[in-house]
Amino acid sequence: MAEIELVRNLEKISFNIPNRLLKLQGYLLRKNSKEYLEIIIYRGFSSSTTHKIEVDSEKKVIEFD
């Protein structure tokens with residue numbers, strides 16, 4: 001799951017550059033359909049504007065079944 005590790009790495013970069021906001025846009029493939037996905041990363045923390053996200057920092061931002 002290299003894509004999920006990419007988000008973690010961007011969180012680390014964001015933590016070191018606190019005056020910048022990262023906005024990631026893309027799609028999740030689920031049951032032969034695309035779901036729009038948007039993630040905002042600020043000061044090392046991720047938040048999704050389109051999907052529910054876990055508050056626990058030990059869990060991954062995007063969970064796959």
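All values below were derived from every heavy atom in this structure, side-chain atoms included, with hydrogens, water molecules and symmetry-related copies excluded.
To the nearest 0.5 Å, the span separating CD1 on I39 from NZ on K23 amounts to 12.5 Å. One distance of note links CD1 of I41 with CZ of R8; it measures 11.0 Å at 0.5 Å rounding.
Of all the heavy atoms in L22 and L10, the pair that sits closest is CD1-O, 3.8 Å. Minimum heavy-atom separation, S14 to R43: OG-N, 3.0 Å.
In N19, the CG atom is crowded: over 12 heavy atoms of neighbouring residues, nucleotides or ligands sit closer than 6.0 Å.
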>> Working note: K34 + L28, criterion side chain to side chain contact (heavy atoms under 4.5 Å, CB included); need CA distance, chi angles, decisive distance, verdict.
In response: CA-CA 6 Å; K34 286 184 179 180; L28 292 175; over 6 Å; no
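Here the side chains of S48 and L37 are in contact, with some heavy-atom distance below 4.5 Å.
Grouped with Y36 in one hydrophobic cluster are Y27, the linkage being side-chain heavy-atom contacts under 4.5 Å among Ile, Leu, Val, Met, Phe, Trp and Tyr residues.
A chain of hydrophobic side-chain contacts below 4.5 Å, direct or via other Ile, Leu, Val, Met, Phe, Trp or Tyr residues, connects I17 to V7. Residues F45 and F15 do not share a hydrophobic cluster, clusters being chains of Ile/Leu/Val/Met/Phe/Trp/Tyr side chains in contact below 4.5 Å.
Qualifying side-chain contact (heavy atoms from CB on, under 4.5 Å) partners for T49, counting only residues two or more places apart in sequence or in other chains: E38, I40.
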